[in-house]
Novice: 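Below is a structure I'd like to ask you about.
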Amino acid sequence: MSSSVLTLVGVSHHRAPIELRERVALDADACRTLARQLDGEAVVLSTCNRTELYLVRDEVAEEIAVETLTTLAGDRAEDLSAALYRHRDEAAALHLFRVAAGLDSLVPGEGEILGQVRNAFEAGSAGPFLSRLFRQALHAGRRVRLETAINESPASVPSAAAALAQQVFGELADRRVLLLGAGKMSEATARNLISRGAEIAVVANRTLAHGEDLARKLGAQALELDAVAAALEHVDVVVSATSGSGHVLSRDAVAAVLRARKGRPLLFVDLAVPRDLDPAINELESCFLYDVDDLEAVVIETLSGRRGEAAHAERLVAEEAERFREWHSSLDVVPTIASLRALAEEITDSELAKAGGRLSERERRHVEAVTSQIMAKLLHLPTIRMKEAAAAAGGVIYADVVRHLFGLGEEERRR
Amino acid sequence: MAELLVVPALLAYGEAAFAYAGELRGPGLAGRLATWGVRLGWLAQTALLAGQAASAEGFPWGTWAGSLNLFVWLVVGAYLIWGCTPRYRLLGLTVMPVAAALLAVAWAGGGTAVEEGERSGAVLAAHVALMLAGFAGLTLAAAMAALYLWQERRLKRHERGVLKVRVPPLEALDRLAARSVLASLVLLTLGIGVGAASFERGDFDAAMAVTLAVLAVYATLLVLRHEGWRGRRAALLNLVGFALVAIVLPLTHFAS
C-alpha cells in the first residue's frame, strides 16, 4: 500500500473512561465542520463510545489528528495520549470494518453503530479513497448482520422485555401496552416496544400529572394507579416500574379479568425493585410474568450467544478487509495501466492519421475498429496480470517493468 | 428400481430429524442442513410416489403400508409450507422424527413397493386421499400443539435461554394449529362423505366410530376455542384428539 496513506487516530471505551470520552465527543454538526477543516479526505466518527478521525493524506496526517484530539481534550490531554490508538492502511481499514460490524462495541453486534458510521461518512469530506473504504465498511456491517445471528438477541433489559413480547405475540403491530409508572425505565421499555410496532394504550401513575405528561408524549390515555385493573381486559403487555412499595396488581385482580379476555395471553414485565406485581400472577393461565432478575438472566444468556456469533462475524470482516486490501493494492498499477492504454490509443490514432488519405470513410472506420480490437486483446492479459501482481504485493515492480519496457512517462520527463 | 428411492428419502428425513436437534443450540448451519434434508427427502419421496402411480393400474396406496407412505408425504409436504421459514423451522423437531419413523414402517410393511396392483375404484381413491390429507393436517396441528406446550413451559419457568432458540410465537402456534384443525375437519368430512356413498348396510365398524369420535373431539376444540379455550387448554385437547388418531384409530382399523 503506497499510493495513499490511510490514517486512523481515535479513543474508545476500551481505554478511555467516560470523563475523557465526553471531552472529545462531537455532535453531527461539529463532526461535519471538523472534517471540512482537515485538509484532504477526512471523516470524523463520534459516538458515545468513541471518537475517531479517518484521514487520507501525507505522512503528517497522524500528527494533525493527534493534535486535533488533544485540543479537544483540553486539560485532559495527558490522559488522552495514554488512551489514543493509531492505525494505518490495512489495520485502519480492518478496525473500521470491525466497528461497523459492531465487533468493537460494548455490546457485540449492537445495531446502532452501523447508522452512526453511515452518518459520519455522509457528513465527512470523503474523496474516492474514503468513499470506497466507508462503503465497504457499511457493506461489511450489513453482511455481518445478515449472515450471522449476532444482533438477534436482546442486549438490554428493555429490549429483552420487547423480545419476550414478540416471543408470545409475534408481530407487535397493534398490540396494546399498559405502562405502570412514568419513570425513565418505563419510558425506555415503552420506546423499545413502540419501535417494534406496539401501541402504548394507557399510562398509569401514582401522580396523575406525571402520568399525563408521558401519556401525552406517547399518545396514550392517562389513568390513576387504582384504576388499572379494569384496563387489563384490553391490553396485551403490562410494563411496571413504579417507585412505590407493595404490589400494584395482585393475583386476584388479574384473575378477575381473565374470563373476559377469552384466553388471550397477557405478558407482565415488572422492572421495579421492590416488585410492583404479585409473583403469583405467573401461575395464572395465559399469564407470563418476568421481573428484572429474570430479564437480566435472559440478557446475560443471550450476550454469551452474541460472543459465540462474533467469531463467525470476525471471519466475514476479515474477508471484506482482504477485498479492500486487494483494491487498495491495485491502485499502485492503475496509473501504469492508464498510461499503457493511452499509449496504445496514441499509436493507433497516429498510424490511422498517416493512412487517412488513402482510405475511404467506410474503410477508415473498419480499420479503426480492427486496430482497437487488436489493442484491447493485446493489453487484456498484461492488465490482468498487473492487477494480480498488485494484489500479491508485487504491483510496483511489475508497474516499473512495464513503464520501462514501453517507455511510459519518458516523453514527459524529457519535457 | 424406483422402489430404491425410499432409501434417500428415509436418509434425508433421518438427517433432518437429527439436524433439527442441533438447531436447539441456536440458529445456524444445523437448521439449514435440516431444511435441505426435508426438501431433498420430500423430492425423493415424490419421485417414489410418482413411480408407484405410474406402475399401478389403479390407486397404489390402498394397503395400510401404502397409505402410511402417502400419509408421510402429505405431512412433510404440509410442513414444508411453514418449515422453510427460519421462524417455524423448529416445528421440524416434532414432525421429522415421526415422519422418518412412519416411512420406515411403511417401507417394512411393503408400502413403498413399485408393482402392478389391482384396479381400484375412483371413489375409494378419493376417500383414502381425503382421509389421509385430513389426518396429515391433524398431525401437523398436534406438532404445533406440542411445540406450544414446550415453549409455554419454558416461558413460565423463565428459562434463561428462552430467546436463544427460535421458536414460533405462542399466539402464532395457537392460531395455526386451530387453522390446521379446521382445514383437516373439512377434508375428513369430505372423505367420510365420499366413503359413505359406497357404504352398504352393516359396513359400520369400530374404525368408523373412532373416526367420528375424532371428528367430534376436534369440532369441540374449535367450538371451545371460540369460547376462550385457547393456548394451553386448546393444545392439550389437540393432543388428546391426536392420541385418538395415532393410537386408537389404527388399533380399531386392524381389529375391524
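A, B, ... follow the sequence lines: proteins, then strands. Residue 1 opens every chain. Predicted model only: the values in this text are computed from it and were never measured.
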Novice: Using heavy-atom distances under 4.5 Å, tell me whether B/Arg154 contacts chain A through its side chain, its backbone, both, or neither.
Specialist: backbone

Novice: Looking at every non-hydrogen atom in both residues, tell me the closest pair between A/Gln167 and B/Val162 and how far apart they are.
Specialist: OE1-O, 4.4 Å

Novice: Please tabulate, one pair per line, all N/O donor-acceptor pairs under 3.5 Å involving side-chain atoms of residues 212-227 of chain B, not counting sequence neighbours.
Specialist:
residue	atom	partner	partner atom	Å
B/Tyr218	OH	B/Asn238	O	3.3
B/Tyr218	OH	B/Phe242	N	3.0
B/Thr220	OG1	B/Ala216	O	2.6
B/Arg225	NH2	B/Asp174	OD2	2.9

Novice: Taking it one step at a time, do A/Phe288 and B/Leu170 satisfy side-chain contact (heavy atoms from CB on, under 4.5 Å)?
Specialist: CA-CA 12 Å; A/Phe288 304 92; B/Leu170 283 187; 3.5 Å; yes

Novice: Based on non-hydrogen pairs under 4.5 Å, which of B/Gln151, B/Arg175, B/Glu159, B/Glu171 is most in contact with chain A?
Specialist: B/Glu171

Novice: Can you measure from CG (A/Leu295) to NE2 (B/His158) and round to the nearest 0.5 angstrom?
Specialist: 8.5 Å

Novice: Is there a side-chain contact between B/Arg160 and A/Val298 (heavy atoms, below 4.5 Å)?
Specialist: no

Novice: I'd like to know which of A/Ala160, A/Pro265, A/Ser286 tops the heavy-atom pair count under 4.5 Å against chain B.
Specialist: A/Pro265

Novice: Please look at A/Asn282 and chain B and tell me whether the side chain, the backbone, both or neither of the residue comes under 4.5 angstrom of a heavy atom of that chain.
Specialist: both

Novice: If you take all heavy atoms of B/Leu163 and A/Ala163, which pair is closest and at what distance?
Specialist: CD1-CB, 3.6 Å

Novice: side-chain hydrogen bond (donor to acceptor under 3.5 Å, both in side chains) with A/Glu285: which of B/Arg233, B/Arg230, B/Arg232?
Specialist: B/Arg233

Novice: So A/Leu164 and B/Leu155, side-chain contact (heavy atoms from CB on, under 4.5 Å) or not? Walk me through it.
Specialist: CA-CA 9 Å; A/Leu164 278 169; B/Leu155 280 163; 3.7 Å; yes

Novice: Tell me, for A/Glu171 versus chain B, whether the close heavy atoms (under 4.5 Å) come from the side chain, the backbone, both or neither.
Specialist: neither

